[in-house]
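Below is one structure, written out as structure tokens; comments come after it.
All values below were derived from every heavy atom in this structure, side-chain atoms included, with hydrogens, water molecules and symmetry-related copies excluded. The chains referred to below are lettered A, B, ... by the order of the sequence lines, with proteins before strands, and numbering in each begins at 1. These figures come from a predicted structure and were not determined experimentally.
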Amino acid sequence: MTLDLTSLNPAQRQAVETTEGPLLVLAGAGSGKTRVLTYRIAHLITDKRVSPHEILAITFTNKAAAEMRERLATLLGSLPGQYSSRAMWVSTFHAMCVRMLRTDAKLLGFTSNFTIYDDDDSKRLVREVMKELEYDDKRYPINAVRSRISSAKSELMGAAALAESSFTPLDKAAAKIFARYETRLLAANSMDFDDLLVNTHRLLSENVKVLDAYQDRFRYISVDEYQDTNHAQYAITNLLAAKHRHLMVVGDDDQSIYSWRGADIRNILEFEHDYPEATVVKLEENYRSTARILMAANAVVANNTNRKPKTLFTSNAEGEKIASYLASDERDEARFIAGEIERLGRAEHRRYTDFAIFYRTNAQSRSLEDALLRAGIAYKIVGGTRFFDRAEIRDVMGYLKAVVNPADEISLKRIINTPKRGIGDSTIDKVQLVARERNVGFEDAMRAAVEEDWLAARARMSLLGFTQILDELRVLEGDLRDLVEMIVEKAGLIAAYEAERTDEALGRAENIREFFTVVSEFAASHDEPSLPAFMEWLALRTDLDSVDECVDEFVTLMTVHTAKGLEYPVVFVAGLEESIFPHQNSMFEPASLEEERRLAYVAITRARERLYLTHAYSRSIFGVTQHNSPSRFIGEIPAEHVEASGVGSVGFSGTGWEKRGDRSGSYGHGTAESGGRVFGSGTRQVPAAGSSAGGGAFGARSAGPKRKEQTETFSVGDAVDHKVFGRGTVTTVNGDALEIRFDRTRETKKLLVGYAPIVKIKQ
DNA sequence: TGCCGCTGGATTTTT
DNA sequence: TCCAGCGGCA
């Protein structure tokens, strides 16, 4: 069987056919990088007779891994046994590390059922350690400490090494906290995300046999998004590839946007130095975007100095000009976007899934959400507060973690009094103290407290109850879903929420039931759905993994960071203002400003056909109104590719479906802000419904739903139907502000009568 | 022990 | 603006 490579361009083909020795592929945005990666692996297997068993392909997200696996399965068809593509390791660094660590945990002093601490768990533990060592979290902000520890870890620096290179009090404190934190993690048989890498590196570098085995096995290795690897990942890659040196790395230095998380752009810039015999292939033809969008992207990123010079080209059509819109404030900006979505939906028959709205910071999503809600446009936010971050879900996960790994203190403490069992802080502190004095785990101390007599009788009884529950939970058996349901049942989580009888509590109970569905889905899609396997999957999954699980029609909202690797026909980038994007904290240092610019480059290159860059004359952030000038990144795009529009005028007073009772844009002048062209272009002139005098010519605004006649009145308990959110129940009424709990999302939203697309359902 | 209200802090977050 | 954490109080 031979793989058909004729659909590839010469550069792509060269990358695919260079199978021996190190290979660096510099792949510009939209240049068919994923195709190259998958074709190369398929080529190795079908034409070079490499066993899938010998292939390791590392991606940066689970989603990318899943996609690659899928594409490979299609390219390869089904092959038997070890030739099956299932023998291949296609995974993220972290998933790969977990797999290696589970196998050899004992060599590092862990057991194979170790818990993976996510951000929240790790933060709790650091907080405890800081209390224990009596560090004041005012002088030593916990997040600063955590970021020192985390960056030390990504540099493969231990606590001792950090201590040596510390000069400031904060660094010194961080080093001490780091040391204790590590001890506590080991005692809890737990690892945080950084540890997965650090410990894998230790495993490989300290155990020759283990390293040998993996080196022999993985003769062909590829790493995607190489520009975003940190030092630990870099070191692991080099260890694994050292013997055969068939290492392919793919990346784009212009899309390096995670340096603040320890990603080291030098990994890609200096690959040829590390592997002097490397073949270098540049993929510079873009297949994604219109010529104009590409020119804009090129022009912006060309302002960076620390990069490999390159210019993407395309044979795609020139396309529309890039629309830049000056809004009067963030609500106007959001309304404009909503209006354009509706307009393009009608004029160009676009579906909601064609649109994406990007922003620099999550805080910006609120006003956008608001406008979409009012316009009745279905949307989905990717990232932000996630289902799995909800307190009640984390509680369930706490129980599961404690069941799987009895040493996991953080989880134990999370669930010890959830639901309330009368075990308060003072009891926990006493148990903790005894644990430390006797140098035993928290659970042992807890059991001792039940046996012995150093706690008040009531606390002792409560603890007894809790340990009994734990014992019961740990002996449960059954298929995964039953198991999880039984654990939740015995823990009394749902029962406690239902007893509360408040709307919020019922919603939480509902969320837990939703979690059972997640369990079922996991069980159905995995070969051996054990509880530990499920926990692992949970720990490593993210919201992004489910971006397109939804078959429904949604406009997608997310931060620019989250958008990396995705593409949409129509892209809006909101908040292109100085101090928002580039962000305030990154504006004044050249290196971080360049990263902001790369971020802008990433945002622009997500767009296939149309690109909107919006900014606002005034914007309220955290309750404070700011006036920011347009982002320099807009100015870096050649004017002939930009069509500016917008307001920024005295007369603006809104269209009627934005919030009432606000300042309605009644600030002074600002016409110059839009770069000469104030209004009109590209924006349909729709008389503003319900707009008051003064709208006039400047009131020209995008199309949008008009305010509905206010015929209905609502009261608590009414069943309603919302255009986007479906059925719900009114929970509070405050004038024409309603709070409605929706059945489908189980969320409570604040809506305004007469603006929101809701109707009362007759009962 | 548990609730309430005050205070301070709030980029980005593939894992 | 909005959330989490902590201290004060019943």
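Relative orientation of the Trp537(A) and Phe534(A) rings is parallel, given thresholds of 30° and 60° on the angle between their planes.
Side chain of His583(A), nearest nucleotide from dC6(C), dT11(B), dT14(B): dT11(B). The side chain of Thr562(A) lies closest to dT13(B), out of dT13(B), dT11(B), dC2(C). For Thr559(A), the listed nucleotide lying nearest its side chain is dT12(B); candidates were dC6(C), dT11(B), dT12(B). Taking the side chain of Asp137(A) as heavy atoms from C-beta on, and the options dT12(B), dT11(B), dC6(C), the nearest nucleotide is dC6(C).
Look at Arg366(A) and you won't find any side-chain N or O under 4.0 angstrom from OP1 or OP2 of dT1(C). Put simply, Asn362(A) has a side-chain N or O that comes within less than 4.0 Å of OP1 or OP2 on dT13(B).
Per the stacking criterion (ring centres < 5.5 Å, plane angle < 30°), Trp260(A) stacks onto the base of dT12(B). Judged by centroid separation below 5.5 Å and plane tilt below 30°, His561(A) does not stack onto the base of dT12(B).
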Just the atom pairs and distances: protein N or O near nucleotides 8-10 of chain C's N or O, under 3.5 Å.
none

Protein and nucleotides 1-8 of chain B: nitrogen or oxygen contacts under 3.5 angstrom:
{"from": "dT1(B)", "atom 1": "OP1", "to": "Ser426(A)", "atom 2": "N", "distance (Å)": "3.1"}
{"from": "dT1(B)", "atom 1": "OP1", "to": "Ser426(A)", "atom 2": "OG", "distance (Å)": "2.1"}
{"from": "dT1(B)", "atom 1": "OP2", "to": "Ser426(A)", "atom 2": "OG", "distance (Å)": "3.3"}
{"from": "dT1(B)", "atom 1": "OP2", "to": "Thr427(A)", "atom 2": "OG1", "distance (Å)": "3.1"}
{"from": "dG2(B)", "atom 1": "OP2", "to": "Asn417(A)", "atom 2": "ND2", "distance (Å)": "3.0"}

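In this model, a donor atom of one side chain and an acceptor atom of the other lie less than 3.5 Å apart for Asn267(A) and Thr229(A).
Rounded to a whole Å, the CG atom of Leu599(A) is 12 Å from the C1' atom of dT13(B). Residue Glu589(A) contributes atom CD, which lies 19 Å from atom P of dT12(B) at whole-angstrom precision. When the P atom of dT13(B) is taken as reference, atom NZ of Lys63(A) falls 16 Å away, rounded to whole Å. Taking atom OH of residue Tyr117(A) and atom P of nucleotide dT13(B), one finds them 25 Å apart after rounding to whole Å. Going from atom CZ of Arg261(A) over to atom P of dT13(B) covers 10 Å, rounded to whole Å. The distance between atom CZ of Phe622(A) and atom C1' of dT1(C), rounded to the nearest whole Å, is 8 Å. In this entry the distance linking CG of Asn143(A) with P of dA4(C) reads 13 Å, nearest Å. In this structure, Arg124(A) places its CZ atom 11 Å from C1' of dA4(C), rounding to the nearest Å.
Tyr258(A) comes within 4.0 angstrom of a base, heavy atoms only. Residue contacts shown for Gln233(A) are absent, as no nucleic acid heavy atom lies under 4.0 Å away.
A donor-acceptor pair is defined here as one N or O able to donate and one able to accept, closer than 3.5 Å; such a pair exists between the side chain of Thr467(A) and the backbone of Leu463(A).
Residues passing the side chain to side chain donor-acceptor pair (under 3.5 Å) test with Asp119(A), sequence neighbours excluded: Arg146(A). In this view, Tyr117(A) satisfies the ring-ring contact (aromatic ring centres under 6.0 Å, His included) rule with no residue, not counting sequence neighbours. Asp104(A) is linked by a side chain to side chain donor-acceptor pair (under 3.5 Å) to nothing, counting only residues two or more places apart in sequence or in another chain.
Between Arg390(A) and Asp395(A), none of the side-chain N atoms (NZ, or NE/NH1/NH2) sits under 4.0 Å from a carboxylate O, so this pair counts as no salt bridge.
Figure legend: Arg102(A) and Phe114(A) shown as a cation-pi pair, the cationic atom lying under 6.0 angstrom from the six-membered ring centre and within 45 degrees of its axis.
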>> Test side chain to side chain contact (heavy atoms under 4.5 Å, CB included) on Ile580(A) and Gln364(A); report intermediate values, then the result.
In response: CA-CA 10 Å; Ile580(A) 303 272; Gln364(A) 289 168 255; 3.5 Å; yes
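For dT11(B), the base is syn relative to its sugar; the glycosidic angle is within 90° of 0.
Residue pairs satisfying the salt bridge (Lys or Arg N to Asp or Glu O under 4.0 Å) criterion with at least one member in residues 571-592 of chain A, sequence neighbours excluded, are listed as follows: Glu577(A)-Arg619(A), Glu578(A)-Arg632(A).
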